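These notes are about the structure you will find just below.
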Amino acid sequence: MGAAPALEARGLVKEFRGFRATNDVNLQIQEGEIHAIIGPNGAGKTTLFNLLSGFLKPTAGEVTLFGQRIDALAPHEIVRRGLSRSFQISSVFPTLTVRENVVVALQAGTPLPHRFWTPLSRLEGLRDRADEILQAVGLSDFAGRAASELSHGEKRQLEIGISMSQEPRVLLLDEPTSGMGSEGIARVAALVRQVARGRTVVLVEHNMSVVAELADRITVLQYGSVLASGRYDDVRLDPRVIEAYLGDEPGEGGAA
Ligand SMILES: Nc1ncnc2c1ncn2[C@@H]1O[C@H](COP(=O)(O)OP(=O)(O)O)[C@@H](O)[C@H]1O
Ligand SMILES: [Mg+2]
């Protein structure tokens, strides 16, 4: 037996009033890989992320992070153990500056008793760290601007920065390129590759060129179940996957 997977789901089920949004999902994410989750709208991708990150409790099944059960933990406890996620919907505070958004995220990661009496020296340290993160996500020039002034794509960059501020070993990104033009998509794809250095990344992604470029392995969800999982080049040639999702043009954009 090798090391435990970075993230693993076993027999994961989520029912909403009898409707199975997640149906017996088994999934292994190895440490250091970029793993893409694909599948049509309504396939259960976001629900799976909510289960993996503790925002939803499973109806049945287990989630482990580096071999330790996390499915009964609260989201902030899971963050503390090294898994953080960005949201499909922008979760940026619009009236704060770009830098303040990152400082708030950094403060949220400090132990509770310190949060109310943060010494000035520590706040300055957070500012410096925030500026490093903004540099990493390509937003240095926007640090002092209100987050509401950012373009859609820049907000997604900021969200990745906010997720990174928690220094996660495992990062979940839900549709980081959604709603972007080709320039933004290329920028975010490069950013994902960069933040994936030294960590494990799981991303939900509709753009098949991005998936092809980034993902070591992919998992295809359909009606809440895993249809196929494996190396991109193998999975995309799986006849069931072609029929169900990719259509006859693998590598050309995928379903809406
Ligand atoms: N909180 C909820 N209550 C009831 N049904 C939900 C809830 N969240 C998701 N669903 C349903 O579960 C299915 C999967 O949704 P979702 O995980 O958002 O899919 P995806 O992210 O793949 O588009 C959909 O049919 C959706 O309507
Ligand atoms: Mg979704």
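What you see is a predicted model; the values in this text were computed from it and never measured. Order of appearance sets the numbers: ligands from 1, and atoms from 1 within every ligand.
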Could you tell me which atoms of ligand 1, counted from 1 in the order shown, lie closer than 4.0 angstrom to a heavy atom of [X]?
X: Gly44; value: 14 (C), 16 (P), 17 (O), 19 (O), 20 (P), 22 (O)
X: Phe19; value: 11 (C), 12 (O), 13 (C), 25 (O)
X: Asn41; value: 23 (O)

Check: Is Asp174 paired with Lys45 through a side-chain N to carboxylate O contact shorter than 4.0 Å?
Finding: no
Item checked: Residues Glu132, Arg129: salt bridge by 4.0 Å N-O rule ->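 Here Glu132 pairs with Arg129 in a salt bridge, since their nearest N and O are under 4.0 Å apart.
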Notebook entry, point to check: Any N or O on Phe16 sitting closer than 3.5 Å to an N or O of ligand 1?
Noted result: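 In this structure, Phe16 places no N or O atom under 3.5 Å from an N or O of ligand 1.
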Item checked: ligand 1 contact by Gly42, heavy-atom criterion under 4.0 angstrom -> yes
Next item on the list: Answer with yes or no whether Phe49 contacts ligand 1, where contact means a heavy atom under 4.0 Å from a ligand atom.
Entry: no
Next item on the list: Work out which heavy atom in Ile29 is nearest to a heavy atom in Arg217; give both atom names and the distance.
Entry: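 Looking at all heavy atoms of both residues, the shortest contact is CA-NH2, 4.2 Å.
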Item checked: Whether Thr46 has an N, O or S atom under 2.8 Å from the Mg ion (ligand 2) ->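 Here the distance criterion (N, O or S atom, under 2.8 Å) is met by Thr46, so yes.
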Next item on the list: Applying side-chain contact (heavy atoms from CB on, under 4.5 Å) between Ile162 and each of Leu106, Ile133, Val92, Val137, report the one that passes.
Entry: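 Single pass found, and it is Val92.
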Margin query: I want to check something: taking the side chain as every heavy atom from C-beta on, are Arg156 and Glu159 in contact at a cut-off of under 4.5 Å?
Written below: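 Yes; the side chains approach each other to less than 4.5 Å.
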Note to self: If you count heavy atoms of other groups shown closer than 6.0 angstrom to CZ of Phe55, is the number above 12?
What the structure shows: yes
